[in-house]
Amino acid sequence: MADARTISVQETVTSTGSGSSLTKNQRNIVASSSAGPSKTVIQFDCTYSRTPFYRGAISMVRLAMQGLPASIDVERFTEVRLFRCLIVAVTNDCLGAESSTHRAWQTLPRHLRRRAASHDVRRVPVRLRDKARAEMDANKRRLLGRPKRGKANQITHTEDYLKRQRDKSWLETHIWHAKRAEMQNIWGYRLAVTPTEKAFRPSHRASMHGSILHDASYYATIELKGPQPFLQATLERCCDPQDSPMTRYITGGRACDTHVYKHASYPFALLGPMMIIWQPSSPEGNSSRIPEPPARPGKEKGKGKGKGKGKEKQVDDSASPEPNVSPRVVWVRCHPAIFEDVFESLQTSASYVLEQSKKKDPQVHVEIEIVDLRGCINAFEIMGPKSSQVIKGALSPVEMDDRKDVKKFWGSLTGLQSDSIPRGMVIGLKVLDPRLKFPPKNAKPHYPDVAQPSTQLSQAFHFPTALTAQSEIWDEEKRGSLKKPKYKKKDLDDRRSKNLVPGTPLNPLRQDDRIPILLIQRSVEQCPSTSSSSKSPSGNVQGIYGWTLLFPAGWAMAFLSSLLYTGTRFAGQRERMKQFFEAGVRGFPNDYPAVAAYDIVTNDRAEQEKARWERTPPAKKPNYEKLGTRSPWRADWGVVLGLEKSTATQTSRSGGQGEEGLVSTQRENLPDSDAMRVDEEGSDLQPWLLRGSQVSTMLSNAFITPAQFLGGINKLREKNHMTSLDMSLSAEDVMRSGLLMVRAKMVRRGAPTDMANIYKMDDPEARKWIKTFEKQSQNAANWDESSKPNEHELGEIKPPQTTIIGYVTTGDVSLSRGEGFAIGAIPVVQYLALRKQALSED
């Protein structure tokens, strides 16, 4: 720096009488070059030093210049200044424009935000921890929760988690969901209700155009083991006879979606939906003799003995089973709300079948084993048109599988849509640890060439067989060995860090786990008999299709992280129920009136809504007493069916209310002949739900008599080898106590809500509404002013509570339809009356 240029700063005061050319109103800065080219002298003229203000300014300048160096190194000064400017620029780029108004955790995307990020630095990504740590005030921080225990009383995280599960159970993905969703205690589990971020419309778009995942591991699994004919007879005693015959699913290539009832109680005592999966028979086959159950058992004389969970054997103690009998295994998957009832129904049916078999042939001795597999099988529901590509990209089957059909299926899975696969098809696979392939990539869909349908389209079709459904997940010992992964995520990360190319998938080793899985095609769609109707409120709405992934317990987080990394959204209970609603299908248990699980849900909801209504000020809430609402909190199905009397005050058609304490002089209207009578003697009648694929055929005749209706039900019971209904039940009572699920849509604007009333209207009022709707399609000039209906006046008519014929169980704006849509229930008698009314208008 010897040749560095320096600047010398000097102060020079000139006299007033020197004859200088400086003016009084100007400050002169004289630059003298006499000191050489490397120095600059700055002189200050103090001509106006007589001014007090100017003298004070000069004093301040002198004080300020006392601490300055005599010379400045220009190049060094420039380098230091440049370095400081670069630091400021880099800091602004890193923190962003919102650094002054947003904290570190607020700059993250919504899916990366955590609840504890505002006070816990470890909840923020590494790149922002320094900024987050600087934003926290150490003096104001306080310890959350209870003080730490002593070393002798400290407990581990596992013990703490088990302590918090005393009154409910956690899923394996509980901690992951608890950070991202609202949790509630439902059906004995702590389940995710809905994501904390705005996900109503994005979840619908994902189910219709992408993929969405729901952890359904809370569903209960029951295993039945025994001879095939006895298992088939046991299931037929408690399943819906309207579904396909059980022989279609015995091979194990398809899963049966049906409904379960109490033992031999069809159509009463409905419990809920159920899935039946048969273990595929061995490829070698079995030629041993299998005992046959009674083809047509007589009248029921007793029930099975014993109740409980775990393993339950119904055995004849007098002899042991034959050694040549090859048992079959069946899995029954049901909702946790009905697990106790389903277990008891299966146990009773098995006891009855064994008892009838012993009476027919005392020499044959068999047993049926019923095992509770809750907590042993995990399940993910992956729905949407991209579900196949997500599974293909996240999972990798082992190469040792020699089944050609499975290899063909896996190779064509990229271009397959789940709606083009046979309903309920079961695929058995053995896949590698999905963490070895992390991060996964979605498989790009390959669409076949339409110009060559004979070659490519034929290869895309796969027929369900027992060979393609083979899987080791049925083996209890295999599931037990996979209860805990051999390698933790830390071990796999250490192996991944040794790869020469970052991001390269790990090569599977011999010690790595191989996980057996089951892929079951899942469809949320209407029955084929009703979905094709153009007059149906949801006839032109497509269903939602996807897969149900079953795998052993202990691997939920390993599969979840890989499946969600592909861009798949996760769904809670609300999103799952919306899938049923958009497809126009009943969702359990909200859309199953007259079922025990429905009563529990509605009672809890009624208590919450009533408590909220009581907390609301009177001016801000509706007065149900003045409005004449009969049952504002829950649906009174007994009153709708005519099985109970209403305690609420009935209002008139005009909506007028008489003064208190006065007797009306008007004569009351006579009761309608078509109105349902209240049963005072038969108090044992209970509402029951008529459902199934053959209901539309059964009620195709609007003038069906109660005797014909009862005959159709008995015919279905005979299909599953059940006796006819008890003669003590009259056909009229059976018909008038039945409920029927219906779909409704709004003719114009508006959207129905849950618990909305469904009214009936008489013929004159119906004609007025029809004319009002026809007025839009026709020219208004063609109408006479006197006969032109007034839509506003029709809307102001207040129907009496006696005209309520049903309630809406689920109602909202349907995003797929673009209008209001509802699923509800009405009595069978009222449904037939509405059809007669429609036929009379035609």
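Side-chain atoms are counted along with the backbone in the values below, which use heavy atoms only and exclude waters and symmetry mates.
- Taking each heavy atom of D215 and Y218 in turn, the nearest pair found is O-CE2, 3.3 Å.
- A salt bridge links D433 with R435: the closest approach of a Lys/Arg side-chain nitrogen to an acidic carboxylate oxygen falls below 4.0 angstrom.
- Atom OH of Y565 is surrounded by 12 or fewer heavy atoms from other residues, nucleotides or ligands within 6.0 Å.
- When side chains are defined from C-beta on, M274 does not count as touching R333, because their heavy atoms never get closer than 4.5 Å.
- Not one N or O on the side chain of H259 forms a donor-acceptor pair closer than 3.5 Å with the backbone of G272.
- Rounding to the nearest 0.5 angstrom, the gap separating the NZ atom in K225 from the CD atom in E476 is 8.5 Å.
- No side-chain heavy atom of F230 sits under 4.5 Å from any side-chain heavy atom of P327.
- Side-chain contact between Q521 and W547 is present, with at least one heavy-atom pair separated by less than 4.5 Å.
- Within a 6.0 Å radius of NZ in K386, no more than 12 heavy atoms belonging to other residues, nucleotides or ligands are found.
- Centroid-to-centroid, the aromatic rings of F559 and F380 stay 6.0 Å apart or farther.
- Ionic pairing of D513 and K430 is not present here: no N-O contact between side-chain nitrogen and carboxylate oxygen is shorter than 4.0 angstrom.
- In this structure, I544 CD1 and R576 CZ are separated by 11.5 Å, a value rounded to the nearest 0.5 Å.
- E135 places a side-chain N or O within 3.5 Å of a backbone atom of A104 that can act as its donor or acceptor partner.
- The heavy-atom pair separating R254 from R423 by the smallest distance is NH1-O, 3.1 Å.
- No side-chain heavy atom of D160 sits less than 4.5 Å from a side-chain heavy atom of T156.
- Around the NZ atom of K483, the shell of radius 6.0 Å holds more than 12 heavy atoms that belong to other residues, nucleotides or ligands.
- Within a 6.0 Å sphere centred on CD of E159, heavy atoms belonging to other residues, nucleotides or ligands number more than 12.
- Between the side chain of D341 and the backbone N or O of I338 there is no donor-acceptor pair closer than 3.5 Å.
- Within 6.0 Å of the NZ atom in K407, the count of heavy atoms belonging to other residues, nucleotides or ligands exceeds 12.
- Side chain of R569 to main chain of L213: no donor-acceptor pair is present (N/O by atom type, distance under 3.5 Å, no hydrogens or angles).
- W331 and E223 make their closest contact through NE1-OE2, 3.0 Å (heavy atoms, listed as atom of the first residue, atom of the second, distance).
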Check step by step if ring-ring contact (aromatic ring centres under 6.0 Å, His included) holds for H174 and Y161.
CA-CA 11 Å; H174 168 79; Y161 292 159; 8.3 Å; no
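- Side-chain contact of T196 with E182: a donor-acceptor pair under 3.5 Å is absent, judged by distance alone.
- Side-chain atoms of K437 come within 3.5 Å of backbone N or O of G393 as a donor-acceptor pair.
- One N or O on the side chain of S203 and one on the backbone of A199 form a donor-acceptor pair closer than 3.5 Å.
- Looking at L395, L518, I517 one by one, the single match for side-chain contact (heavy atoms from CB on, under 4.5 Å) with L429 turns out to be I517.
- Between F339 and F343, the ring-plane angle classifies as tilted under the 30° and 60° cut-offs.
- A 6.0 Å sphere centred on CD of E399 holds no more than 12 heavy atoms belonging to other residues, nucleotides or ligands.
- Partner V330 forms a side-chain contact (heavy atoms from CB on, under 4.5 Å) with one of L235, L346, I277, I222 and no other, that one being L235.
- The closest donor-acceptor contact from the side chain of H177 to the backbone of T173 lies under 3.5 Å.
- Atom CG of residue L564 and atom CD1 of residue I212 lie 10.0 Å apart, to the nearest 0.5 angstrom.
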W410 vs L413, test: side-chain contact (heavy atoms from CB on, under 4.5 Å). Steps then yes/no.
CA-CA 5 Å; W410 189 260; L413 187 61; 3.8 Å; yes
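- With values rounded to the nearest 0.5 angstrom, M425 atom CE is found 12.0 Å from I520 atom CD1.
- In this structure, the side chains of D512 and L436 come closer than 4.5 Å at one or more pairs of heavy atoms.
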Tell me, with the steps shown, if Q579 and V585 meet side-chain contact (heavy atoms from CB on, under 4.5 Å).
CA-CA 9 Å; Q579 294 178 10; V585 184; over 6 Å; no
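- Taking NZ from K168 and CE from M183, the interatomic distance works out to 10.0 Å, rounded to the nearest 0.5 Å.
- The two residues P464 and G253 come nearest to each other via the heavy atoms CB-O, 3.2 Å.
- Taking the ring centre of W176 as origin, the terminal cationic atom of R180 falls inside the region bounded by 6.0 Å and 45° from the ring axis.
- Put simply, the side chain of W555 gets close to the backbone of L482: a donor and an acceptor are under 3.5 Å apart.
- Remark: the T568 side chain and the T566 side chain contain an N/O donor-acceptor pair separated by less than 3.5 Å.
- Under the 4.0 Å criterion applied to side-chain N and carboxylate O atoms, E472 and R479 are not assigned as salt-bridge partners.
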Kindly indicate, with the supporting measurements, whether the criterion side-chain hydrogen bond (donor to acceptor under 3.5 Å, both in side chains) is fulfilled by T414 and Q389.
CA-CA 5 Å; T414 304; Q389 289 78 25; over 6 Å; no
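- The shortest heavy-atom contact between R103 and K131 is C-NZ, 4.0 Å.
- A donor-acceptor contact shorter than 3.5 Å links the side chain of R328 to the backbone of I250.
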Evaluate side-chain contact (heavy atoms from CB on, under 4.5 Å) for L108 paired with L128, printing each intermediate quantity in order.
CA-CA 10 Å; L108 297 173; L128 295 177; 3.6 Å; yes
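- One distance of note links CZ of R190 with CZ of R164; it measures 9.0 Å at 0.5 Å rounding.
- The closest side-chain heavy-atom distance from P336 to Y189 is below 4.5 Å.
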Evaluation steps, side-chain contact (heavy atoms from CB on, under 4.5 Å), between L231 and I368
CA-CA 8 Å; L231 294 180; I368 297 178; 4.0 Å; yes
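- Residues L432 and R514 form a side-chain contact, since some pair of their non-hydrogen atoms from C-beta on lies under 4.5 Å apart.
- By the 30° and 60° cut-offs, the orientation of the rings of H335 relative to Y219 is perpendicular.
- With respect to the salt-bridge test (charged N to carboxylate O, under 4.0 angstrom), the residues R496 and D493 qualify.
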Mind running salt bridge (Lys or Arg N to Asp or Glu O under 4.0 Å) on D130 and R133 for me, showing each step along the way?
CA-CA 5 Å; D130 294 338; R133 189 178 291 106; 3.3 Å; yes
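- R403 places a side-chain N or O within donor-acceptor distance of the main-chain N or O of L467, the cut-off being under 3.5 Å.
- Inter-residue side-chain proximity for V332 and L224 is flagged as met; some heavy-atom pair is nearer than 4.5 Å.
- The shortest heavy-atom contact between Q347 and I370 is CA-CD1, 3.7 Å.
- Side-chain polar atoms of W278 and T251 form no donor-acceptor pair below 3.5 angstrom.
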